[in-house]
Undergrad: 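One structure follows; several queries about it will come next.
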Amino acid sequence: MSKSQGRRLRLSGPDVNRWRSKIAPTATCHIWMGAVGSDGYGRFSIRDDRDGARIVTPHQVAARLAFGPIPAGSTLMHDCDVRVCVRTGPGHVRVATQAENMVQAARRGRARGPRPGLVDVRGKVGASRAVQDAIRDAGTDDPAALAAVLAHCLAAGDPLREFFPMFDLPDDDDALVVIGAWDDFPADLFAVPPDRRPQVHGDGWVLF
């Protein structure tokens, strides 16, 4: 992906129109239907007069159009966990910090121990391409119908789809913080209640 290279990168009107033409809106996520990189995120090419073609992610374009210039040192988070989603706002793409990104990854079980956590069984790029294929093959452009197709596709990659929960726990990310333990021990047994949760301290929120 493109770095700033110390120079501005500007979107043109044709760039934005080309970007919009590759989006399939559903009632939940707005799905990028263009190129996908090996990390599962979309790829979009912008031609700059000085640097030639430069590659960005389509959700970077979405964030720029929705929120203005992206602050240097910040990161973009997919609260929906769909890497090819370009919808901005609550529950989807938003501007955050890397520290916040890591906290969310731990809470959702994506960063437990040296082995991969609760990630899609198809892998990053496999999951993104499966989502695009499902939307493309749906045979409809109705947002509600596409949202149902998307939900079914995401459920197919759930690593816990064949497991049944023993206890009824809240779904809210803030309800529990799961702490990974030993490799071969079920880490889900360890949870810290909110009033005893370790807090993120310091003034290291880099936003420029």
Side-chain angles (χ1 to χ4, degrees), residues 1-4 9 11 15 18-47 53-66 70 74-89 91-98 100-141 143 145-163 173 180:
M1 290 180 296
S2 175
K3 302 297 183 182
S4 69
L9 178 61
L11 284 171
D15 286 331
R18 186 164 46 89
W19 171 80
R20 285 179 174 154
S21 72
K22 297 179 181 295
I23 297 171
T26 82
T28 52
C29 296
H30 295 173
I31 302 301
W32 172 253
M33 300 298 290
V36 174
S38 60
D39 57 2
Y41 291 111
R43 295 290 187 269
F44 183 67
S45 175
I46 297 174
R47 179 160 292 281
R54 291 168 61 181
I55 304 299
V56 297
T57 63
H59 61 275
Q60 286 176 321
V61 176
R64 171 60 184 86
L65 295 175
I70 302 169
S74 62
T75 189
L76 297 177
M77 285 177 55
H78 282 85
D79 285 338
C80 56
D81 282 336
V82 179
R83 289 175 176 246
V84 285
C85 177
V86 297
R87 183 173 184 173
T88 53
H92 298 278
V93 178
R94 62 185 174 92
V95 179
T97 67
Q98 185 59 22
E100 190 176 357
N101 189 34
M102 295 302 294
V103 168
Q104 185 186 84
R107 285 178 177 171
R108 295 185 176 183
R110 297 196 305 267
R112 281 191 268 165
R115 299 186 301 186
L118 302 182
V119 297
D120 195 294
V121 297
R122 296 163 293 198
K124 296 172 183 177
V125 65
S128 292
R129 288 178 176 163
V131 165
Q132 289 180 327
D133 289 344
I135 296 296
R136 189 176 295 112
D137 296 341
T140 181
D141 57 3
L146 289 177
V149 169
L150 174 61
H152 184 270
C153 180
L154 296 176
D158 184 355
L160 300 180
R161 67 191 183 283
E162 297 179 357
F163 292 81
D173 285 341

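Every heavy atom of this structure was used, including side-chain atoms; hydrogens, water molecules and symmetry mates were not.
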Undergrad: If you define the side chain from C-beta out and look only at heavy atoms, does anything of Val36 sit under 4.5 Å from Gln132?
TA: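 The answer is yes, as the side chains (C-beta and beyond) meet within the 4.5 Å cut-off.
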
Undergrad: Residues in salt bridge (charged side-chain N to carboxylate O under 4.0 Å, His left out) with Arg83, at least two apart?
TA: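 If we apply the salt bridge (charged side-chain N to carboxylate O under 4.0 Å, His left out) test to Arg83, skipping adjacent residues, there are no hits.
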
Undergrad: So do Leu150 and Val131 actually touch side chain to side chain, heavy atoms under 4.5 Å?
TA: yes

Undergrad: Ile23 and Ile31: side-chain contact (heavy atoms from CB on, under 4.5 Å), yes or no, with the steps?
TA: CA-CA 6 Å; Ile23 297 171; Ile31 302 301; over 6 Å; no

Undergrad: Applying side chain to side chain donor-acceptor pair (under 3.5 Å), name anything that partners Thr88, two or more places apart in sequence or on another chain.
TA: none

Undergrad: Going by ring pair (Phe, Tyr, Trp, His ring centres under 6.0 Å), name the residues that satisfy it together with His78, two or more places apart in sequence or in a different chain.
TA: Tyr41, His59

Undergrad: Using side chain to side chain donor-acceptor pair (under 3.5 Å) as the criterion, list what pairs up with Arg122, not counting sequence neighbours.
TA: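 Only Asp120 meet the side chain to side chain donor-acceptor pair (under 3.5 Å) criterion with Arg122.
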
Undergrad: Hey, could you give me each pair passing salt bridge (charged side-chain N to carboxylate O under 4.0 Å, His left out) that has a residue in residues 21-37? Not counting sequence neighbours.
TA: none

Undergrad: Provide the closest heavy-atom pair for Ile70 versus Ala63 in the form atom of the first, atom of the second, distance.
TA: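 Answer, listing the atom of Ile70 first, then Ala63: CD1-CB, 4.3 Å.
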
Undergrad: Side-chain contact, heavy-atom cut-off 4.5 Å: Thr28 with Cys80?
TA: no

Undergrad: With Ala35, which residues qualify under side chain to side chain contact (heavy atoms under 4.5 Å, CB included), at least two apart?
TA: Arg43

Undergrad: Excluding sequence neighbours, so at least two apart, what forms side chain to side chain contact (heavy atoms under 4.5 Å, CB included) with Arg94?
TA: Met77, Asp79, Ala96, Glu100, Gln104

Undergrad: My understanding is that only residues two or more places apart in sequence, or in another chain, count here; which of them pass side chain to side chain contact (heavy atoms under 4.5 Å, CB included) with Ala27?
TA: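 Side chain to side chain contact (heavy atoms under 4.5 Å, CB included) check on Ala27 returns Pro143, Ala147.
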
Undergrad: List in chain and number order the residues that pass side chain to side chain contact (heavy atoms under 4.5 Å, CB included) with Asp158, two or more places apart in sequence or in another chain; answer none if no residue qualifies.
TA: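 Per chain and number, Asp158 pairs via side chain to side chain contact (heavy atoms under 4.5 Å, CB included) with Leu160, Arg161.
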
Undergrad: Measure the shortest side-chain to side-chain distance between His92 and Cys85 over non-hydrogen atoms and say whether it is less than 4.5 angstrom.
TA: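 In short, these two side chains touch, coming nearer than 4.5 Å.
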
Undergrad: List the residues meeting side chain to side chain donor-acceptor pair (under 3.5 Å) with Ser128, not counting sequence neighbours, and say none if there are none.
TA: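 Expected list: none.
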
Undergrad: Which pairs pass salt bridge (charged side-chain N to carboxylate O under 4.0 Å, His left out) with one or both residues in residues 124-140, sequence neighbours excluded?
TA: Asp133-Arg136

Undergrad: Please check: side-chain N/O of Trp19 versus main-chain N/O of Val61, any donor-acceptor pairing under 3.5 Å?
TA: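 Pair absent, no side-chain N/O of Trp19 close to backbone of Val61.
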
